[in-house]
S.K.: 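Before we start, here is the structure in question, set down as structure tokens.
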Amino acid sequence: GVRLVGSEMCIRDRQKPVLTYVEPVEVLRMMLKNPKLRKAGAFAYGPEFLQKNQDAEPGKKFQIIQLHQSAWFHRAQREVGKRNMVLACVTNCDGVQVTKKHETIFFYLRLGNATAPTCFDPSCTHLIATIPDLEREPRMSDEIFARGKLRLFHLCIEKIFANFNEASKT
């Protein structure tokens with residue numbers, strides 16, 4: 001399983017919102033062990049050629065239908081060699097209004113190598129964090145508040161993925 005982590009994020013002297021997250025590397029390892037992803041054709045272990053789109057606009061020759069068909073995936077797979085695999089991870093977030101004053105951001109990790117229709121299966125997406133909201137202080141301008149919220153979001157992302165680069169080297 002994965003271990004839940006809580007971390008205080010110090011933004012201002014009086015505010016220390018708590019970030020709750022799981023290590024993305026642990027989540028990826030768990031997801032890759034899922035039997036649904038181990039069946040033939042559920043996961044792309046290498047690049048595939050782009051498919052010609054018959055319905056494309058004039059002048060547009062190809063449509064990228066799945067992430068592992070993109071040009072950057074081809075280049076990345078060539079760089080790591082045949083004995084290694086590029087694991088494409090996609091992140092996205094949803095903001096949810098919790099109270100009139102507070103919003104929580106749910107941050108998700110998805111396996112980009114999953115082929116259709118597997119990529120739409122819930123086993124390919126995992127909630128990895130709830131990012132806290134910044135509390136607006138009296139007399140705080142809209143600009144300072146917006147910058148503070150953005151800074152908090154970026155600090156949280158840095159914290160969540162702090163160990164990610166190191167793990168990608170193994």
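For this chain, numbers begin at 1 and follow the sequence in order. Only a predicted model underlies this, so the values are computations on that prediction, with no experimental measurement involved.
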S.K.: How about Cys89 and Leu28: do any of their side-chain heavy atoms sit closer than 4.5 Å?
M.R.: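 Yes, at least one pair of side-chain atoms sits under 4.5 Å.
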S.K.: When rounded to the nearest 0.5 angstrom, what distance separates OH in Tyr108 from SG in Cys93?
M.R.: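 Reported to 0.5 Å precision, the distance equals 9.5 Å.
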S.K.: Under 4.5 Å between side-chain heavy atoms, hopping through other hydrophobics if needed: is there a path connecting Phe106 to Leu152?
M.R.: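 No; Leu152 is not reachable from Phe106 via cluster members.
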S.K.: Going by the rule side-chain hydrogen bond (donor to acceptor under 3.5 Å, both in side chains), which residues pair with Glu158 if we only count those two or more places apart in sequence or in a different chain?
M.R.: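 Testing Glu158 for side-chain hydrogen bond (donor to acceptor under 3.5 Å, both in side chains), a comparison that skips the adjacent residues, returns none.
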S.K.: Any idea which heavy atoms bring Leu19 and Pro132 closest together, and the distance?
M.R.: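 So the two residues come closest at CA-CD, 3.9 Å.
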S.K.: Going hydrophobic residue to hydrophobic residue with side-chain gaps under 4.5 angstrom, can you get from Ile105 over to Phe145?
M.R.: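 Cluster IDs for Ile105 and Phe145 match.
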S.K.: When clusters are formed from ILVMFWY side-chain contacts under 4.5 Å, directly or step by step, what else is grouped with Val18?
M.R.: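 When side chains under 4.5 Å apart are linked, Val18 ends up in no cluster with other residues.
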S.K.: Taking all atoms of both residues into account, what is the closest heavy-atom pair of Asn163 and Val25, and its distance?
M.R.: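 Closest pair (atom of Asn163, atom of Val25, distance): O-CG2, 4.3 Å.
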S.K.: Check Leu111 against Leu32 and note the closest heavy-atom contact, atom names and distance.
M.R.: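 Scanning both residues, the minimum pair turns out to be CD1-CD2, 4.3 Å.
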S.K.: Given Leu109, which partner from the list Thr125, Leu127, Asn92, Thr91 fulfils the side-chain contact (heavy atoms from CB on, under 4.5 Å) test?
M.R.: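 The single option meeting the side-chain contact (heavy atoms from CB on, under 4.5 Å) with Leu109 is Thr91.
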S.K.: Rounded at 0.5 Å granularity, tell me how far CD1 in Ile128 sits from CZ in Arg110.
M.R.: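 Atom-to-atom, Ile128:CD1 and Arg110:CZ are 13.0 Å apart.
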S.K.: Please enumerate all residues that pass side-chain hydrogen bond (donor to acceptor under 3.5 Å, both in side chains) together with Asp142, with sequence neighbours excluded.
M.R.: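 Result, side-chain hydrogen bond (donor to acceptor under 3.5 Å, both in side chains) vs Asp142: Arg136.
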S.K.: Over all heavy atoms of both residues, which pair between Pro24 and Ile160 is shortest? Give the atoms and the distance, please.
M.R.: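 Shortest heavy-atom separation between Pro24 and Ile160 comes out as CD-O, 3.3 Å.
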S.K.: Can you give me the closest heavy-atom contact between Lys149 and Leu134, atom names plus distance?
M.R.: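 That would be N-CD2, 3.6 Å.
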S.K.: Over all heavy atoms of both residues, which pair between Thr104 and Thr130 is shortest? Give the atoms and the distance, please.
M.R.: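 Thr104 and Thr130 have their closest heavy atoms at CG2-CB, 4.0 Å.
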S.K.: So how far is it from His154 NE2 to Arg151 CZ, rounded to the nearest 0.5 Å?
M.R.: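 Those atoms lie 9.0 Å apart.
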S.K.: Nearest 0.5 Å, what's the CD-CE distance between Glu135 and Met140?
M.R.: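 Answer for the CD-CE pair, Glu135 versus Met140, is 9.0 Å.
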